[in-house]
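Below is one structure, written out as structure tokens; comments come after it.
Keep in mind that the numbers below use all heavy atoms, side chains included, and drop hydrogens, waters and symmetry copies. Along the sequence shown, residues carry numbers from 1.
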Amino acid sequence: MSYLDICITGWNLNALMFVVNLLIAIRTISTQDKSRLYEESLVLKELKEELEKYYPNRIYSTIITYLVPFTAFFRMGYRLIEMFFFFKKNQEAKIFDYMVYKYSYDIQRAKNNYK
């Protein structure tokens, strides 16, 4: 297997994880009403803006993650496993609850590192 074949396999796995991520988002959006989605998006927007204070180049790192072979695959794989255990521990939780937890955890970790 050549290096090019390895890179192509890595990019294909990254694309697979992008599609999985997109399907999770579409499934989440389609199962809720507009007013609830709007309220949740406002909460997530505030958390995202606070997180961007500590990590201003987060968007660029995400783009780079999908360009480097296998990186998004392993990153998303880890997140999916983390989500699985979160939902296993919190039976009635939704994806919104996980996102609030993850943003809050990352913000708190950044605050602790910033001090």
Side-chain angles (χ1 to χ4, degrees):
M1 190 178 235
S2 70
Y3 287 118
L4 182 61
D5 292 337
I6 293 170
C7 288
I8 290 172
T9 302
W11 288 320
N12 287 337
L13 289 173
N14 286 352
L16 173 70
M17 284 301 163
F18 180 78
V19 170
V20 168
N21 203 6
L22 190 63
L23 290 174
I24 290 171
I26 290 171
R27 181 174 166 248
T28 302
I29 290 171
S30 66
T31 59
Q32 294 193 10
D33 61 340
K34 283 186 177 183
S35 61
R36 176 106 174 154
L37 282 174
Y38 182 73
E39 293 170 6
E40 291 176 353
S41 69
L42 290 177
V43 171
L44 292 175
K45 182 180 177 185
E46 290 176 14
L47 288 170
K48 183 180 174 188
E49 288 173 356
E50 185 175 352
L51 184 65
E52 286 180 353
K53 291 178 189 175
Y54 298 103
Y55 301 108
N57 298 324
R58 203 169 63 88
I59 293 172
Y60 301 121
S61 67
T62 302
I63 292 170
I64 290 170
T65 298
Y66 280 100
L67 295 177
V68 176
F70 296 105
T71 308
F73 175 73
F74 290 124
R75 182 178 179 192
M76 278 299 301
Y78 175 76
R79 288 282 164 91
L80 290 173
I81 292 168
E82 187 179 33
M83 285 172 61
F84 172 77
F85 286 117
F86 178 82
F87 290 129
K88 190 172 182 175
K89 185 175 182 181
N90 305 301
Q91 296 291 329
E92 298 297 320
K94 297 179 181 175
I95 195 78
F96 170 74
D97 300 322
Y98 172 75
M99 292 174 72
V100 168
Y101 160 75
K102 192 64 181 162
Y103 274 131
S104 300
Y105 176 78
D106 289 344
I107 289 168
Q108 190 60 41
R109 190 175 67 184
K111 285 180 181 178
N112 291 342
N113 288 339
Y114 188 69
K115 290 180 181 179

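- Taking 4.5 Å as the limit, every side-chain heavy atom of F96 sits out of range of all side-chain heavy atoms of T28.
- For S41, the side chain to side chain contact (heavy atoms under 4.5 Å, CB included) partners at least two apart in sequence or on another chain are Y38.
- Remark: L47 CG to L42 CG distance equals 11.5 Å, nearest 0.5 Å.
- Contacts of L4 classified as side chain to side chain contact (heavy atoms under 4.5 Å, CB included), with partners at least two apart in sequence or in another chain: S2, I8.
- A heavy-atom distance below 4.5 Å is found between the side chains of M17 and L80.
- Screening residues 86-96 for side chain to side chain donor-acceptor pair (under 3.5 Å) gives no qualifying pairs among residues at least two apart or on separate chains.
- For the atom pair OH of Y103 and CD of E49, the computed distance is 10.5 Å after rounding to the nearest 0.5 Å.
- Listed by chain and number, the residues in a side-chain hydrogen bond (donor to acceptor under 3.5 Å, both in side chains) with S61 amount to none (sequence neighbours excluded).
- Grouping the Ile, Leu, Val, Met, Phe, Trp and Tyr side chains by contacts below 4.5 angstrom, directly or via other members, places V43 with L51.
- Each of I107, D106, V100 was scored for a side chain to side chain contact (heavy atoms under 4.5 Å, CB included) with S104, with one residue passing: V100.
- Residue pairs meeting the ring pair (Phe, Tyr, Trp, His ring centres under 6.0 Å) criterion with at least one member in residues 55-81, sequence neighbours excluded: F18-Y66.
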Q: Apply side chain to side chain contact (heavy atoms under 4.5 Å, CB included) to the pair F87 and I95, showing each step before the final yes or no.
A: CA-CA 9 Å; F87 290 129; I95 195 78; 4.2 Å; yes
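- Residues satisfying the side-chain hydrogen bond (donor to acceptor under 3.5 Å, both in side chains) test with T31, not counting sequence neighbours, are none.
- In terms of the side chain to side chain contact (heavy atoms under 4.5 Å, CB included) criterion, residue partners of I26 (sequence neighbours excluded) are, by chain and number, L22.
- Here the CE-CE distance, from M83 to M76, works out to 7.0 Å after rounding to the nearest 0.5 Å.
- No donor-acceptor pair closer than 3.5 Å links the side chain of N14 to the backbone N or O of L67.
- Residues that satisfy the salt bridge (Lys or Arg N to Asp or Glu O under 4.0 Å) test with R58, not counting sequence neighbours, are absent from this structure.
- A 4.5 Å side-chain heavy-atom check between E52 and I59 finds at least one atom pair inside the cut-off.
- With sequence neighbours left out, the side chain to side chain contact (heavy atoms under 4.5 Å, CB included) criterion links I81 to F85.
- Partners of F86 under the ring-ring contact (aromatic ring centres under 6.0 Å, His included) rule, at least two apart in sequence or in another chain, are Y98, Y101.
- Residue pairs meeting the salt bridge (charged side-chain N to carboxylate O under 4.0 Å, His left out) criterion with at least one partner in residues 17-40, sequence neighbours excluded, are R36-E40.
- Residues meeting the salt bridge (Lys or Arg N to Asp or Glu O under 4.0 Å) test with R79, sequence neighbours left out: E82.
- Under the 4.5 Å side-chain heavy-atom criterion for ILVMFWY residues, a single connected hydrophobic cluster contains both L16 and I24.
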